[in-house]
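Before any comments, here is the structure.
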Amino acid sequence: MSRAPLRIATLAGDGIGPEVTHSAVAALRTVCDRYDIPLEIEALPYGAAWYLATGQAMPSGEPQRLMRSFDALLLGALGDPRIRDHEHVRQIRHSLFVQLDLYANLRPAQQLLPALSPLASVQAGRARVDIAVISENLEGFHPDRDRRVRVTDDEDAHVTEEWHTPHLVSRLIRFAFAWARLRGRRRVTLVDKTNLVPAHRLWRHAFHTVAVDYPDIAHDVRLVDTVAHDLVRAPERLDVLVTTNLFGEILSDLTAGLVGGLGLAASANMHPGRCSLFEPVHGSAPDLVGTGRANPLAAIRAASLLLDTCGHRAAAAMVDAAVMASLNAQVTTPDLGGRATTGAVTDYVVRHLRTSHLLPDQV
Ligand code: NAI
Ligand code: MG
């Protein structure tokens with residue numbers, strides 16, 4: 001039976017973005033070849049150089065074209081010291097997120113090797129980390145809703161508003177429960193700061209309403225500060241966390257830190273059933289460009305999330321197994337304590353994908 005093609009647009013971007021995207025595409029090509037998944041890839045030119053040359057971050061109408069033409073987008077990283085106000089980053093991300101309605105940000109943190117965790121409890125096998133942070137991608141703190149308010153004759157207060165609308169909050173919470181059910185997860189925890197931020201009460205109301213439809217999944221509500229504490233003291237008690245944009249950004253860096261750091265952390269910006277955007281959590285790391293020290297595994301894991309979301313679960317599991325093999329063999333970049341280059345890690349993963357046994361389609 002011939003399979004439908006998987007159509008992907010890559011946006012390699014700036015700094016180490018092209019290096020790690022190259023690695024992720026090599027892994028994708030290899031695993032799709034093994035599974036007879038026809039793969040169509042278009043490389044998009046956007047990023048700092050394109051912005052400096054054209055004065056535009058992306059042509060208008062491009063997000064709609066991408067949505068129509070592709071199953072998924074794979075982004076490397078954006079950010080360039082020549083563009084100090086990050087205008088191209090803001091414009092590209094904002095237009096893709098808003099126009100593709102990528103409302104859910106998913107950041108899974110799985111403990112691959114206990115030795116990569118800084119926690120003694122994990123290293124000793126007393127605790128396990130398998131936490132997914134799911135956060136709202138379209139509202140919360142808005143850089144655009146920023147103003148000064150005169151408070152005394154010579155001083156302005158600086159005000160940034162936090163926005164939460166009921167239907168966006170409910171939609172995200174429903175996504176979190178549905179994702180948890182699909183993945184066989186046991187508990188969803190709402191993380192908020194209701195005691196300081198009255199607008200967060202809306203999250204609690206939506207959470208309790210949606211939870212009724214998921215009696216098979218335990219649920220509870222926690223304040224963000226106690227969750228931060230427990231992430232370090234008892235991470236095994238936490239499972240799926242659903243939260244605001246700001247708390248999600250902070251907690252997901254913490255969960256990434258618990259399992260090996262930015263070199264392994266992947267992120268999905270999703271709208272179920274539509275073209276979604278996958279990327280490593282890390283930025284463009286200008287300090288690493290061309291040094292061979294950029295860890296490609298975060299981008300490769302983003303490619304695995306992409307495959308998984310697009311319904312190719314066995315292929316995704318095979319990529320995860322190849323990443324695991326490189327960690328076990330200690331073929332890793334210096335951020336994970338190894339001495340391998342970006343290219344050597346990529347070659348190892350690709351070789352593993354070429355030679356390992358095919359996994360059954362239903363995994
Ligand atoms: P960064 O994530 O680029 O770097 C933070 C630290 O982690 C640096 O020490 C870097 O060397 C290291 N690092 C990052 N990726 C790595 C990898 N794959 N392997 C090994 N080490 C890695 O964050 P930073 O320095 O705050 O920002 C640099 C630029 O990236 C800025 O322009 C920023 O705006 C942008 N940025 C873009 C993001 C994106 O496109 N999603 C996310 C975060 C930052
Ligand atoms: Mg971040």
Side-chain angles (χ1 to χ4, degrees), residues 10-27 44 46-52 57-58 73-97 102 105-107 112 116 118 133 135 137 143 245-246 248-257 259-270 276-306 323 326-327 331-346 348-349:
T10 58
L11 202 168
D14 308 324
I16 61 169
E19 298 169 41
V20 299
T21 304
H22 177 83
S23 305
V25 167
L44 304 171
Y46 314 121
W50 205 84
Y51 178 71
L52 290 171
M58 221 178 0
L73 310 179
L74 183 65
L75 189 132
L78 290 167
D80 185 297
R82 290 172 295 174
I83 306 171
R84 296 203 162 273
D85 60 4
H86 304 290
E87 188 53 26
H88 73 299
V89 184
R90 206 189 63 75
Q91 281 185 34
I92 291 173
R93 294 186 77 82
H94 183 79
S95 58
L96 289 175
F97 283 23
L102 303 176
N105 182 244
L106 166 69
R107 296 187 178 183
L112 300 177
L116 295 177
V133 178
S135 62
N137 235 1
N245 195 322
L246 180 69
E249 283 251 0
I250 298 167
L251 294 180
S252 64
D253 268 31
L254 175 46
T255 54
V259 295
L262 284 178
L264 287 173
S267 165
N269 305 283
M270 298 173 63
S276 296
L277 186 156
F278 302 83
E279 59 183 341
V281 172
H282 64 71
S284 57
D287 53 321
L288 298 182
V289 175
T291 63
R293 295 168 67 92
N295 188 344
L297 294 180
I300 291 171
R301 281 165 59 76
S304 154
L305 260 182
L306 183 160
V323 168
S326 82
L327 297 177
V331 180
T332 54
T333 43
D335 57 302
L336 294 181
R339 273 184 288 173
T341 60
T342 312
V345 175
T346 307
Y348 187 94
V349 167

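Atoms within a ligand are numbered from 1 in the order they appear, just like the ligands themselves.
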Heavy-atom closest pair, residues [X] and [Y]:
X	Y	value
Leu288	Arg293	CD2-CB, 4.1 Å
Val331	Ala340	CG1-CB, 4.0 Å
Asp335	Gly263	OD2-CA, 3.6 Å
Ala266	Ala298	CB-O, 3.8 Å

Query - Intermediate values then yes/no, side-chain contact (heavy atoms from CB on, under 4.5 Å), Leu78 and Leu11 - result: CA-CA 9 Å; Leu78 290 167; Leu11 202 168; 4.1 Å; yes
Query raised in the report: Out of Ser284, Gly76, Gly79, Gly263, who gets a non-hydrogen atom closest to atom 29 (C) of ligand 1?
Result: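 It is Ser284 that holds the nearest heavy atom.
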Query raised in the report: Between the candidates Thr333, Leu288, Asp335, which shows the shortest non-hydrogen contact distance to atom 22 (C) of ligand 1?
Result: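 The option holding the nearest heavy atom is Leu288.
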Query raised in the report: Does the side chain of Asn105 come under 3.5 Å of the side chain of Glu249 through a donor N or O and an acceptor N or O?
Result: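 Their side chains do not contain a donor-acceptor pair, so the 3.5 Å distance test is not met.
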Query - Side chains of His282 and Asn295, donor plus acceptor under 3.5 Å - result: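 No pair is found: no donor N or O on one side chain lies under 3.5 Å from an acceptor on the other.
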So if I count the atoms of ligand 1 from 1 in the order they appear, which ones are less than 4.0 Å from some heavy atom of [X]?
X	answer
Pro286	28 (C)
Glu279	41 (N)
Gly283	1 (P), 2 (O), 3 (O), 30 (O), 36 (N), 37 (C), 38 (C), 42 (C), 43 (C), 44 (C)
Ala77	40 (O)
Ala294	19 (N)
Val281	42 (C)

Query raised in the report: Counting both backbone and side chain atoms, is some N or O of Ile16 under 3.5 Å from an N or O of ligand 1?
Result: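 Such a contact does not occur with ligand 1.
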Query raised in the report: Backbone, side chain, both or neither: what part of Asp287 comes under 4.0 angstrom of ligand 1, heavy atoms only?
Result: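 Side chain only.
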Query raised in the report: Which one holds for Arg93 and ligand 1: side chain close, backbone close, both close, or neither close, with close meaning a heavy atom under 4.0 Å?
Result: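 Arg93 to ligand 1: side-chain contact only, backbone stays beyond 4.0 Å.
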Requested in this report: Using the side-chain contact (heavy atoms from CB on, under 4.5 Å) rule, take Thr332 and Leu327 through it: C-alpha gap first, then chi angles, then the decisive distance, then the call.
Outcome: CA-CA 6 Å; Thr332 54; Leu327 297 177; 3.7 Å; yes
